[in-house]
Each structure stands twice: as C-alpha cells, then as structure tokens.
Amino acid sequence: MKKISVENLMIKPDIVFVANLAGVSPATVSRVMNHPDLVHPATRKKVELAIEKSGYIRNRAAQAMHGKRSATIGLVVPTVANTIFAEVVQAFNDTVSEQGFTLLLASHGYDLETEYRLVRKLLEHRVDALAVVGLDHSAGTFRLIAEQRVPLLALWNYLPDSALPCIGVDNREAGRMAAEHLIALGHRRIGMVFPTTFDNDRARDRKTAATAVFRAAGIVLQDRWQVEVPYSIAQAKAACLELLAGQDRPSALLCGNDVIAQGAIYAAARLGIAIPTTLSVIGIGDFAGSAQMEPALTTVRIPAQKLGATAGREIITMIGKSDPNYMVHSRIELELIMRSSTAIAVELSESIL
C-alpha cells in the first residue's frame, strides 16, 4: 500500500485517491463499496483500510442525481419509546444491514402530519425504499407515495385488501382473541382501556373486533368502564385508579397493549385489588418484560422480531424488483400467551363450587 504524503492529506480524498492508496483501480473501489461480496477478501481488506486511513466519504447525493441507489432505507415509526417497536426496528435494521443497506429512522409521535413531513424528508434524501407503520396515513403521505413511486412497505397491520403492500398481524384477530379469552373465563363485567383509535388503525381494529365479540356474547359494556389513554404506563395507571375506585368495578380489563396493561396492574396494586383473584387483566403485544411482571401478564403475542426480519427481507426484494406496482400482503400469526394475570371470574368460580 502506498504511503500518504502530507500534500495528499490536505486534499479532500476522492475515489481515485483511494484507488491509488490501495494499489487498485477505481472500479475495484466502487465494487468494494457497492458489492463487497464480489471482491476477493484480501483485496477488499486493502481497499477498506485505504478508505479508513484516507477518510474518504462517497457523495451519495451525487450518486442519486445520476440515478444510482443510495443504499439507504427509510423507516418511520410512531415511537421508539415502546419496547415492541424497538424490537421491530432492531430486527428490520439487522436484516437490511446484512444486505448492505443503511437504515434512516424517524419517529412521528403518533402525529400523521409529522409523519408526512418526515416521509417527505426521507424521499428528498433519495432513499431506495420506505417503510411505515400501519395503514392509516395522511392524504399528503398517500400523494407522496403515489407520485414518487418508491418501493413502500407498511408494517404491523395486515389486511388482505390493503391498498399498500403490508406485512403484519391481523389486529382484528388480536382483539377477538383477547375478548374470547375473557369470555371463556366467565367474565361479563368487562372494562376496556385503549389508546385513541383516531388515526390509529391498530388500536381501532383491536377495539372494534373485541367490542363485536362481547356484544355477540350478550355482554353489555358499561360506558364508565371504557377509557382512552395514551401509550403511557403513568397515564394508564392514573386512568385505571379512577376506573377501579369504589365497589362497582369490572372483574376484567382488556387493555389495548401491554404498556397500558402494565399501568392497570400498578393501579390495582395501589388500590389493594388482587390480580387475578378479584381482577383479571389482559394485554396485547407481549412486550419484553411482560413475562417478568408480577403477576406475569396474559397477552396476545405479536412476534416483533419475526415481523421486523420478515419485513426487512421483503423490502430488499421490492428494491430488487424495481417494480412500483409490486404488491404483497403477508400475515404474521398471533398467539395467546396465558400467564398469571387472568383467572376464572369469581361468579363463575363460585357457581362451579
């Protein structure tokens, strides 16, 4: 490898500089950066060392202007504060990184207008593909998707007739599974604690399906036991402290996700309400830590790592096809995980005895 002179160090390195430093052609440097698997390991090592020593950074903006790929994928999620979204992001990142892509991550805080601005910025950076969470998006976002014709994949929510390519779970099924579990245990005095369903198809599908199951079973859902709270343990706890105060309270709570369920369990503990003897609580998600709670949380498992990895592989396929009309609808299976936070309703238990 050639020595770096002081004069060379004062010049901003380009691909020719790196090639000379490594003793290879500029084409070989390009192959190392774009298709490293096609280059002999020893040669690749020389080039990578030259890149590191020279401080060379390729101009991706210039590449994009010439129609070349940027080797970046944009992912916009509602939040990274919740463990389950973090698990999806990590699995998605690991999968696309293995194929040489860099993930550009953004979070919109459950605000679809903010999501629109973030999607626009990512498209301005010439990402090769874009992934979003859910099927609810602003009109502006849908226009951008239609106009730019960049491969796009919606994660988390599966619908067989979705207008967007999607990989996820059927959130209607998640709501049904949770509701049917409480009914099977004999509960009829049931409260529901959910995030707002406006602009949130995941929460809306779960709540709508669960409500339909309860009504079909002849269960009357008392308005005072139906609560909307943000994705916050603290706010869910505060709401459930009010919901569970007094003697007239439900025997079970169906929570829209495990974060809210955790807040409900903390509220019950504060009020001295025994779980599951007096109150059953079920969540949806099976976040990291749900199994370690006391009591361990019964929930409907959304396999976050599998979802993220599957989505990562699919979006790589979409990039390779270069077909803006390519459509996929892929369903990830759910699983009811029975733990210690639900039990047979007291009234049913007494009738059995």
Side-chain angles (χ1 to χ4, degrees), residues 73-82 84-89 92 105-123 127 129-176 178 192-212 226-232 254-260 284-285 300 302 304 307-308 310-311 314-315 318 327-332 334:
I73 294 173
L75 172 59
V76 186
V77 298
T79 179
V80 291
N82 291 350
I84 198 160
F85 281 124
E87 289 183 57
V88 169
V89 169
F92 185 89
L105 177 66
S107 170
H108 60 71
Y110 294 94
D111 183 336
L112 295 189
E113 290 306 313
T114 299
E115 182 192 50
Y116 163 74
R117 292 192 290 272
L118 293 171
V119 166
R120 189 174 192 89
K121 287 181 180 178
L122 288 169
L123 290 172
V127 291
L130 187 65
V132 294
V133 169
L135 301 172
D136 277 2
H137 305 284
S138 70
T141 298
F142 277 110
R143 279 195 299 271
L144 282 178
I145 293 168
E147 291 169 1
Q148 296 301 314
R149 311 283 282 176
V150 170
L152 179 131
L153 185 63
L155 315 185
W156 207 266
N157 204 6
Y158 160 85
L159 285 179
D161 56 353
S162 164
L164 298 177
C166 63
I167 288 182
V169 298
D170 186 337
N171 282 282
R172 297 168 301 183
E173 182 186 7
R176 285 195 296 269
M192 296 175 68
V193 189
F194 269 74
T196 178
T197 58
F198 180 72
D199 285 346
N200 185 333
D201 53 304
R202 286 89 60 203
R204 184 172 61 250
D205 286 352
R206 295 172 192 176
K207 188 174 184 180
T208 300
T211 300
Q226 314 307 307
V227 180
E228 280 195 357
V229 296
Y231 282 85
S232 162
L254 195 165
C255 300
N257 58 54
D258 285 12
V259 170
I260 292 173
I284 296 175
V300 177
I302 297 175
L307 196 158
T310 304
E314 185 58 47
I315 208 163
M318 296 172 76
M327 183 63 70
V328 60
H329 295 102
S330 181
R331 176 175 172 171
I332 304 294
L334 296 161

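Computed from a predicted model, the values in this text were never measured in an experiment.
- N257 contributes no side-chain N or O that, together with a main-chain N or O of I284, makes up a donor-acceptor pair within less than 3.5 Å.
- Side-chain contact check for V119 versus H108: every heavy-atom pair is 4.5 Å or farther apart.
- Across every non-hydrogen atom of T197 and R204, the tightest pair is O-NH1, 3.1 Å.
- Heavy-atom minimum distance, H329 versus D161: NE2-C, 4.3 Å.
- Contact detail for I167 and A311: the closest heavy-atom pair is CD1-CA, 3.8 Å.
- Two residues are said to be in side-chain contact when any heavy atoms from C-beta on lie closer than 4.5 Å; D201 and W156 fail this criterion.
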Could you list the donor-acceptor pairs under 3.5 angstrom formed between side-chain atoms of residues 141-154 and any protein atom two or more places apart in sequence or on another chain?
unit_1, atom_1, unit_2, atom_2, d
T141, OG1, S138, OG, 3.1
R149, NH2, N325, OD1, 3.2

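- Smallest separation of non-hydrogen atoms from L135 and N157: CD1-O, 3.9 Å.
- Between F198 and D136, the closest side-chain pair of non-hydrogen atoms is not below 4.5 Å.
- Judged as a ring-ring contact (aromatic ring centres under 6.0 Å, His included), and not counting sequence neighbours, Y158 has no contacts.
- No side-chain heavy atom of L130 sits less than 4.5 Å from a side-chain heavy atom of I73.
- Side chains of I332 and V169 form a contact here, defined as non-hydrogen atoms less than 4.5 Å apart.
- Shortest non-hydrogen contact noted between S107 and P78 is OG-O, 3.1 Å.
- Residues N200 and Y231 are in side-chain contact: their nearest non-hydrogen atoms beyond the backbone lie under 4.5 Å apart.
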Could you go through L118 and E115, starting from their C-alpha distance and side-chain angles, then the distance that decides it, and tell me whether this counts as side-chain contact (heavy atoms from CB on, under 4.5 Å)?
CA-CA 5 Å; L118 293 171; E115 182 192 50; 5.6 Å; no
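- Side-chain contact, R206 with N171: a donor N or O sits under 3.5 Å from an acceptor N or O.
- Just one of L155, V80, V133 meets the side-chain contact (heavy atoms from CB on, under 4.5 Å) condition when paired with F85; it is V133.
- Between L75 and V77, the closest side-chain pair of non-hydrogen atoms falls below 4.5 Å.
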Are Y110 and T79 close enough, and set up right, to give a side-chain contact (heavy atoms from CB on, under 4.5 Å), and what steps lead you there?
CA-CA 7 Å; Y110 294 94; T79 179; 3.6 Å; yes
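- Across all their heavy atoms, I315 and A131 have their closest contact at CD1-CB, 4.0 Å.
- Between E314 atom CD and F92 atom CZ the span is 10.5 Å, to the nearest 0.5 Å.
- Side-chain contact check for E87 versus L307: every heavy-atom pair is 4.5 Å or farther apart.
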